[in-house]
Novice: 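Submitted below is the structure of interest, expressed as structure tokens.
Position 1 is the first residue of the sequence; numbering continues from there.
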Amino acid sequence: MTTAAVLTAAGSGSRLGRDTPKGLVTVGGTPLVRWAASSLAAVCERIVVTAPVDAVGAFVDAVAGVGARVEVVAGGERRQASVARGIDALADLDGDDAVLVHDAARPFMPVAVFGRLLSALETHDAVIPVLAVVDTIVTGVGGDLRYLPRPSLGAVQTPQAFLMGALRDAHARAQAERFEATDDGALAQRYGFRLGTVEGDPRGAKITYAEDLDAAERRISG
Ligand code: C5P
């Protein structure tokens, strides 16, 4: 059985306030996409990276020699389209092969979480890492404000693990009905696949703002 990954890095990362695509921004001198690809290489034989269409060459250089067979493809307009392109690049995989879908924006997710996800995949079609929410969350901001009960809330992270057959089918069905979600677990659940959860890790937090980058830089050097 093959274990592969789709690593999304085709977003502009404009909230970071840099000119370079986020995946090429460095922490400790190493591009974020390389941090993420190197950890994935601990459990994956193949990795498909989705890059901004005008930066494919730079991403090829950034992930060269990470220790797995890596291919860089141009991403789509939105995240879900980028993941779909990654799935297409893994067309030769079998339905029961394992795929981790990960975001380069979460470069420091510990490898132990990948292991938890792949173990849980033995009894599920899809598995997501979930982290307990520490903030109190409301909906309807600016209108009908409602408090949500915190004990039942979780923040969903990546990578998320899928049987290739389930991931392909969920994406094809979402595309057919033009349904869009912010992660792939939502698609798996919508189309009736067995969705499991494992504990996430705060070190897998998304790098979104300049402050997140500064904090990561301090952690690496300290
Ligand atoms: O924008 P957001 O934080 O949801 O992006 C999550 C991940 O999806 C990032 O790693 C980003 O590079 C990726 N992405 C992509 N293609 C897009 C938009 C986002 O691969 N069109």
Novice: Would the distance check show the side chain of Asp212 and the main-chain N or O of Tyr209 forming a donor-acceptor pair, the cut-off being under 3.5 Å?
Specialist: yes

Novice: Using every non-hydrogen atom in the two residues, find where Gln80 and Ala174 come nearest and quote the distance to one decimal.
Specialist: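 So the two residues come closest at NE2-CB, 3.6 Å.
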
Novice: Tell me whether Asp169 is salt-bridged to Arg173, with the criterion being a basic N under 4.0 Å from an acidic carboxylate O.
Specialist: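 Between Arg173 and Asp169 there is a salt bridge, with a charged N closer than 4.0 Å to a carboxylate O.
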
Novice: So, taking the atom named CG in Asp97 and the one named CG in Leu163, what distance separates them when rounded to the nearest 0.5 Å?
Specialist: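 That separation rounds to 9.0 Å.
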
Novice: With Arg46, which of Val70, Leu93, Leu40 fulfils side-chain contact (heavy atoms from CB on, under 4.5 Å)?
Specialist: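 Between Arg46 and the candidates, side-chain contact (heavy atoms from CB on, under 4.5 Å) is satisfied uniquely by Leu93.
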
Novice: When you measure from the side chain of His102 to the backbone N and O of Arg106, does any donor-acceptor pair fall under 3.5 Å?
Specialist: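 Judged by distance alone, yes, a pair lies under 3.5 Å.
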
Novice: Is the shortest distance from a Lys or Arg side-chain nitrogen in Arg78 or Glu180 to a carboxylate oxygen in the other one below 4.0 Å?
Specialist: yes

Novice: Is any side-chain heavy atom of Thr208 closer than 4.5 Å to a side-chain heavy atom of Leu16?
Specialist: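 With C-beta onward as the side chain, the pair stays apart.
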
Novice: Indicate yes or no for a side-chain donor-acceptor contact from Ser82 to the backbone of Gly76 under 3.5 Å, with no hydrogens or angles considered.
Specialist: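 Flag set: sc Ser82 to bb Gly76 pair under 3.5 Å.
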
Novice: Please find the pair of heavy atoms, one from Thr50 and one from Gly75, that lie closest to each other, and give the distance.
Specialist: CB-CA, 4.0 Å

Novice: State whether the side chain of Asp125 and the backbone N or O of Ala166 hold a donor-acceptor pair below 3.5 Å, judged by distance alone.
Specialist: no

Novice: Which atom names give the shortest non-hydrogen contact between Pro110 and Gly204, and what distance separates them?
Specialist: CD-N, 4.5 Å

Novice: Decide yes or no for Leu100 and Leu118: does some side-chain heavy atom of the first lie under 4.5 Å from some side-chain heavy atom of the second?
Specialist: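 Yes, side chains in contact.
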
Novice: Compare every heavy atom of Leu195 with every heavy atom of His124, then report the nearest pair and how far apart it is.
Specialist: CD2-C, 3.9 Å

Novice: Look at atom CD of Glu177 and say whether more than 12 heavy atoms of other residues, nucleotides or ligands are closer to it than 6.0 Å.
Specialist: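 Counting other residues, nucleotides and ligands, CD of Glu177 exceeds 12 neighbours.
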
Novice: Answer yes or no on whether Arg190 is positioned over the face of Phe179, meaning its NZ or CZ is under 6.0 Å from the six-membered ring centre and within 45° of the axis.
Specialist: yes

Novice: Below 4.0 angstrom, N of the basic side chain to O of the carboxylate: do Arg79 and Asp103 qualify?
Specialist: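 Asp103 and Arg79: salt-bridged.
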
Novice: State the OG1-CG distance between Thr158 and Leu7, to the nearest 0.5 angstrom.
Specialist: 8.5 Å

Novice: Please check: side-chain N/O of Gln160 versus main-chain N/O of Gly185, any donor-acceptor pairing under 3.5 Å?
Specialist: yes

Novice: With distance as the sole test, does Thr20 use its side chain to make a donor-acceptor pair with the main-chain N or O of Val25 at under 3.5 Å?
Specialist: no

Novice: Distance-only, no hydrogens or angles: does the Trp35 side chain make a donor-acceptor pair with backbone N or O of Phe108 under 3.5 Å?
Specialist: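 Flag not set: sc Trp35 to bb Phe108 has no pair under 3.5 Å.
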
